[in-house]
Amino acid sequence: MIRMTLAEVTHAVGGTLQLHGTDTPETVVSGTVDTDSREMGPGSVFVAKPGDATDGHLFVDAAVTAGASLAIVQRPVDALVSQIVVPDAVAALGALAREVVARVRAHGGLQVVGITGSNGKTTTKNLLARILQDEGPTVAPRASFNNEVGAPVTMLRVTEDTRFLVSELGASRPGRIAELAGLITPDIGAVLMVGLAHAGGFGGVEATQKAKTELVQALRPGGTAVLNADDARVAAMAAVAEERGVAVRWFGRGPSADVRAEDVDVTASGTTATILVDGRRLPLHLRVLGEHHVMNALAAITVAQLLGVDPADAIERIGTVEIAERWRMQPLGSERVRVINDAYNASPDSMAAALRTVAQITAPGQRKVAVLGAMTELGEQAGEEHDRIGLQAVRLRYERIVVVGSAARRLYLAAISEGSWDGEAVFFETADEAYDYLMTELRDGDRVLVKSSNAAGLRFLGDRLGESFS
């Protein structure tokens with residue numbers, strides 16, 4: 001974080017300052033701002049966030065021991081540190097992020113990008129960050145820091161030297177993207193797609209579309225919306241951009257896109273394509289597995305070009321990225337048994353894309369094995385969408401479909417109904433049972449997809465399988 005006095009922080013968060021020891025209102029803090037006491041260092045600010053499982057107020061002493069110079073709390077605690085008491089610690093975190101970004105922006109050197117979409121946010125963020133880091137100091141989220149805590153924590157990492165801030169904006173409810181984007185008022189907003197991820201929490205895909213549109217509505221006057229020309233719900237956001245006086249730059253695989261891809265080819269070593277932009281034809285080689293990541297690459301290239309990066313340079317840089325993120329199409333194991341661990345998150349769109357990818361990279365004579373768990377937050381559409389994925393796995397001719405967890409049982413039932421097989425589709429209540437089965441079933445040449453929502457926990461099963469065959 002930039003240097004700020006205790007008085008300035010107090011004013012920014014609208015709290016009451018309680019000084020400790022020799023501190024005065026002019027005492028300066030300038031370190032990490034976080035809700036995790038383990039992230040503290042000299043001069044850091046600890047935000048004591050109440051949580052479902054525990055309470056950050058219990059960790060103020062630990063934060064001070066680690067170097068924290070200030071605690072933002074909802075109630076005073078008995079600790080040897082100055083404290084700012086606020087009504088809502090999470091709201092205070094956001095307010096401080098807004099102030100810090102505004103101060104850095106006032107110097108004129110910071111450009112801010114917001115990224116949202118039902119799928120692909122983290123991959124696009126990582127690709128864009130890789131491009132921009134060669135242009136100047138860049139701040140981007142770790143992992144999927146895209147909620148009301150993770151996004152402001154990322155924003156607060158900016159300093160006076162930061163040239164680019166890339167914010168990943170998730171939506172747990174309607175209005176959340178508007179709140180997060182409102183903290184930074186992005187210069188550029190990229191909307192990747194509108195799908196069924198979290199549709200249960202929004203009341204349907206139309207409500208999801210409305211939520212993602214909040215990013216376009218939050219852009220600075222004179223900013224640019226980077227929109228997926230292939231997604232009709234995203235394309236409709238151009239009308240909102242026009243109303244706001246915001247320019248539009250299109251990416252996609254169709255002929256109407258400003259930055260588009262042709263000749264896409266998926267192999268076990270990655271994905272190749274030809275990128276067409278401004279009359280140029282540029283070769284792309286993505287090490288990240290999956291045809292669907294071409295769209296994420298197009299979005300990153302489009303944003304980077306708006307920020308002054310030549311597309312050829314952007315393409316060269318993203319070609320060095322080996323995986324999107326841990327547990328996202330992550331190759332594990334060995335050539336003997338290759339495990340693709342993609343179990344950090346799952347929606348119907350990403351599940352279908354992962355199944356297609358593994359089918360595409362499996363050579364003749366090798367077997368395709370799908371280890372699948374539940375897709376969460378789909379609401380009333382959950383049953384139908386699990387049916388659809390079960391049918392797709394059968395139609396893609398997966399030789400083994402291993403379904404794990406009671407929440408995914410309907411996927412298993414759909415698979416056996418479609419395939420009428422004798423043992424090709426199996427069901428287990430627990431990951432341990434599935435692991436024991438797979439250790440007796442897998443054989444040389446198998447290509448194994450492990451895919452589920454985060455809550456299903458299959459990412460750890462994927463890690464375990466990868467270690468067993470490494």
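Atoms considered below: every heavy atom in the structure, side chains included; atoms not considered: hydrogens, waters and symmetry mates. Residues take their numbers from the sequence shown, with the count starting at 1.
- Under the side-chain hydrogen bond (donor to acceptor under 3.5 Å, both in side chains) criterion, R409 pairs with no residue at all, not counting sequence neighbours.
- Within the 3.5 Å criterion, the main-chain N or O of F469 finds a donor-acceptor partner in the side chain of S334.
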Check the pair R233 / D231 against salt bridge (Lys or Arg N to Asp or Glu O under 4.0 Å), numbers first and verdict last. CA-CA 6 Å; R233 292 187 175 90; D231 186 317; 5.5 Å; no

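- Considering every non-hydrogen atom in both A297 and L286, the closest pair reads CB-CD1, 4.0 Å.
- The side-chain tip of R464 points at the ring of Y435 from less than 6.0 angstrom away and within 45° of straight on.
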Show your working on side chain to side chain donor-acceptor pair (under 3.5 Å) between E168 and T122 and close with a plain yes or no. CA-CA 7 Å; E168 179 181 339; T122 299; 2.8 Å; yes

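- Looking only at distances, a side-chain donor or acceptor of D230 sits under 3.5 Å from a matching main-chain atom of R253.
- No donor-acceptor distance shorter than 3.5 angstrom exists from the side chain of K49 to the backbone of D55, with no hydrogens or angles considered.
- The shortest non-hydrogen separation linking A261 to A273 is CB-CB, 4.4 Å.
- For L169 against K121, the heavy-atom pair with the smallest separation is O-CD, 3.6 Å.
- Side-chain atoms of N296 do not come within 3.5 Å of backbone N or O of T124 as any donor-acceptor pair.
- Of the residues D432, V402, V371, the one that meets the side-chain contact (heavy atoms from CB on, under 4.5 Å) test with Y437 is V402.
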Walk me through it: do N454 and R459 pass the test side chain to side chain donor-acceptor pair (under 3.5 Å)? CA-CA 7 Å; N454 201 350; R459 62 195 185 281; 2.4 Å; yes

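- In this structure, Y398 contributes its side chain and L355 its backbone to a donor-acceptor pair below 3.5 Å.
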Side chain to side chain donor-acceptor pair (under 3.5 Å) for R130 and T320? Distances and angles first, verdict last. CA-CA 9 Å; R130 173 61 191 91; T320 67; 3.1 Å; yes

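- At distances below 3.5 Å, at least one donor-acceptor pair connects side-chain atoms of R157 with backbone N or O atoms of A140.
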Report the C-alpha separation of R249 and Q305 in whole Å, then their side-chain angles, then the decisive distance to 0.1 Å, and conclude whether the side chain to side chain donor-acceptor pair (under 3.5 Å) test is met. CA-CA 10 Å; R249 184 78 167 165; Q305 186 182 28; 2.8 Å; yes

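- No side-chain donor-acceptor contact under 3.5 Å links R287 and S269.
- Between the side chain of E262 and the main chain of T274, no donor-acceptor pair closer than 3.5 Å is present.
- Looking only at distances, a side-chain donor or acceptor of E433 sits under 3.5 Å from a matching main-chain atom of T430.
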